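The structure appears below as structure tokens.
Just so it is clear: chains get the letters A, B, ... in the order the sequence lines come, proteins before strands, and each one is counted from 1. As the structure is a computational prediction, the values presented were derived from the model and not from experiment.
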There are 2 protein chains.
Amino acid sequence: MTKPTPDPRHTLTLRDVSEASGVSEMTVSRVLRNRGDVSAPTREKVLEAARTLGYVPNKIAGALASQRVNLVGVVIPSLSNMVFPEVMTGISSVLDGTGLQPVVGVTNYLPDREETVIYEMLSWRPSGMIIAGLEHTDAARAMLNRAGIPIVEIMDIDGDPINHAVGISHRRAGRQMAEAIIAAGYRKIAFLGTQMPNDHRARKRLEGFEEALAKAGLTLVDREFYSGGSALLKGREMTAAILARNPDVDFLYYSNDMIGAGGLLHCLAEGLDVPGKIGLAGFNGVELLDGLPRKLATMDACRLEIGKRAAEIIAGKLIPAEKLELFPTLQPGDTIRG
Amino acid sequence: MTKPTPDPRHTLTLRDVSEASGVSEMTVSRVLRNRGDVSAPTREKVLEAARTLGYVPNKIAGALASQRVNLVGVVIPSLSNMVFPEVMTGISSVLDGTGLQPVVGVTNYLPDREETVIYEMLSWRPSGMIIAGLEHTDAARAMLNRAGIPIVEIMDIDGDPINHAVGISHRRAGRQMAEAIIAAGYRKIAFLGTQMPNDHRARKRLEGFEEALAKAGLTLVDREFYSGGSALLKGREMTAAILARNPDVDFLYYSNDMIGAGGLLHCLAEGLDVPGKIGLAGFNGVELLDGLPRKLATMDACRLEIGKRAAEIIAGKLIPAEKLELFPTLQPGDTIRG
DNA sequence: TCTGCTAGTGTTACCGCTAACAGCCGCCGG
DNA sequence: CCGGCGGCTGTTAGCGGTAACACTAGCAGA
């Protein structure tokens with residue numbers, strides 16, 4: 001069967017089911033939606049007819065008529081990140097019981113693309129939108145404002161939400177990590193991260209980090225950025241580069257766990273004394289770390305719970321506060337001396 | 001701003017733009033869709049009005065009227081797999097130029113859930129569907145058959161497609177890997193994989209693998225399965241378990257790269273002679289492998305190209321053959337002796 | 001001058017479904 | 001015996017757009 005179905009009949013509509021079962025379209029509609037009173041025998045007849053015909057309702061028409069759409073737009077920067085899939089899991093787990101369905105859009109960290117994705121989604125008149133981050137184009141903010149649906153911005157709460165925000169303070173997260181590092185006695189600290197001007201959360205973490213360093217009279221002794229390629233590999237390479245330039249550096253702070261893991265592998269391969277002579281830390285708390293020879297220090301980003309809470313707000317299960325702050329826990333692992 | 005927009009006006013429609021710009025709704029529609037002849041001044045007026053009002057078209061109404069929907073349903077088992085995001089990248093890269101938009105649905109490897117997801121998607125009358133795998137419930141197959149749209153089943157071609165299939169032969173992939181392993185002189189071979197009865201592709205690989213072993217008069221000396229948890233960690237644990245049970249095993253074939261990477265880390269930590277005394281191989285060709293201390297042997301699953309070809313078929317850019325087979329390349333890495 | 005054509009615009013009739021309301025029937029209490 | 005009510009079903013009028021066609025003016029060619 002190579003052709004797109006040599007279908008004899010036209011596409012099925014309520015009318016077809018109605019004729020096949022001998023009742024009005026309205027009654028069929030009621031049966032299929034489980035709404036209103038329909039007698040048991042009629043219900044059976046209709047379901048039988050729908051089943052044998054293989055009728056699939058047309059939600060487009062349904063949505064237009066009822067002015068109700070069971071879709072929730074979810075706008076995220078990337079899928080290859082391991083962090084957003086987990087947010088999605090949280091969202092789905094809550095939405096599953098509600099009849100609402102998530103629809104994902106990916107922006108690749110591009111503001112213009114985000115604007116387009118939001119526009120496209122809004123044009124389907126979803127019941128709500130969940131969007132990563134608080135930074136959007138003016139046009140996007142305007143559209144979201146006008147949409148008249150609940151908007152939940154997730155992951156970050158350092159800024160002004162359009163509607164509601166659920167997330168952690170990345171600035172605070174960076175600060176906390178810096179404080180822990182300083183408390184452990186490290187002094188020559190370097191930063192390794194992504195070259196992404198639009199990854200505002202990574203940026204805010206670094207800002208918070210440097211802020212705390214400054215308060216202790218320290219500054220970063222070096223920094224290194226990358227973009228593209230295997231994060232694990234880049235982590236190794238960047239670490240090698242930093243260590244070559246600064247043999248006396250005693251701590252490496254990575255903007256995410258993946259490059260941190262690469263760095264850790266490099267240090268172990270070089271036989272460096274971790275965490276004695278050199279400490280390392282990442283960010284996110286990804287599951288992958290559990291499998292490494294040594295546990296990288298990290299900070300859990302509350303991804304699952306962020307997804308759940310956001311979905312609960314959309315589903316009306318949560319009293320919506322403007323900002324819902326979650327608090328990540330620092331996991332010292334084996335790469336900060338205790 | 002905590003309330004879902006205390007909007008003064010009702011939701012905007014074409015009529016609003018039409019009144020604001022002094023032309024008919026039809027002309028506004030033409031301008032906004034860039035269809036038909038509209039004079040430059042009129043076009044300007046309309047665009048200006050739409051922009052200042054902040055009008056977002058209602059695709060639901062548009063789709064109903066035009067009987068055209070620019071959506072392509074993509075049904076995949078999981079997002080946390082690293083393999084499907086790459087397929088998505090391929091799909092998006094092709095669809096981006098066409099006005100078509102992918103909508104993702106996730107099944108978690110559950111056939112019933114897949115059926116539901118397909119039903120939901122079809123009820124939005126998409127222009128095409130891309131679905132991972134060839135195994136579906138009868139009801140799902142029936143619905144897809146009736147839908148009258150192009151259906152592309154991806155990843156796998158060992159079976160009967162509904163419409164079109166784009167993918168690799170996992171059975172052949174398993175066979176090839178076995179042949180390479182045997183050719184390299186390994187004889188005591190064990191398998192480590194996921195406990196997922198519905199991961200048909202992993203199953204087929206194993207079948208092909210054992211088939212080739214049998215042809216050489218060999219059988220698996222041991223096997224180990226897992227489910228859930230950090231794949232990397234599970235890989236370590238399972239590898240430790242197998243090696244404890246069978247100290248003389250000389251090759252470990254993993255059903256995916258992630259557990260393979262865990263196994264590799266374990267072997268290296270134990271100081272085993274890889275690939276001299278023991279060889280390892282995974283499957284997928286994930287980017288992560290580039291960052292490991294040693295390169296795991298693997299087989300690229302052509303994910304990006306599968307996504308592209310599938311999207312091309314949907315977009316009508318590719319003459320649709322029933323089966324489009326792609327051929328993965330074996331990447332021996334450093335874990336099979338050469 | 002008239003016809004024919006084209007560019008630009010408006011009119012009409014839906015698309016497939018559902019909200020809202022209008023029947024109809026049988027049964028109850030007064 | 002009647003009004004009223006609840007259970008069930010049908011009818012009507014859209015939802016907000018677009019296809020298809022109708023119309024108008026302006027201009028070229030006969």
- Query: Hey, is NZ on B/Lys59 packed in by over 12 heavy atoms from elsewhere, all under 6.0 Å?
  - Reply: yes
- Task: Produce a footprint string for nucleotides 7-16 of chain D: one letter per nucleotide, 5' end first; B if the base is under 4.0 Å from any protein heavy atom, S if only the sugar-phosphate is, - if neither.
- Result: -SBBB--BBB
- Item | Result of checking B/Val72, B/Val74, B/Ile130 against B/Leu95 for side chain to side chain contact (heavy atoms under 4.5 Å, CB included) | B/Val72
- Task: Might you confirm whether atom CZ of B/Arg33 has over 12 heavy atoms from other residues, nucleotides or ligands at distances under 6.0 Å?
- Result: yes
- Neighbour count above 12 (heavy atom, 6.0 Å) for B/Lys45 NZ: yes
- Rounded to whole Å, the CZ-C1' distance (A/Arg35 to C/dT18) equals 10 Å
- Quick one: do B/Arg43 and B/Asn34 satisfy side chain to side chain contact (heavy atoms under 4.5 Å, CB included)? Show the steps, please. CA-CA 9 Å; B/Arg43 160 172 267 96; B/Asn34 252 317; 3.2 Å; yes
- Query: Between C/dG10 atom P and B/Arg15 atom CZ, what is the distance in whole Å?
  - Reply: 13 Å
- Does a sphere of radius 6.0 Å around CG in B/Asp160 hold more than 12 heavy atoms from other residues, nucleotides or ligands, not counting ones at 6.0 Å or beyond? no
- Message: On the nucleotide C/dC17, are OP1 or OP2 found under 4.0 Å from the side-chain N or O atoms that A/Arg68 carries?
- Response: no
- Query: Starting at CG of A/Asn34 and ending at P of C/dC17, how long is that distance when rounded to a whole Å?
  - Reply: 17 Å
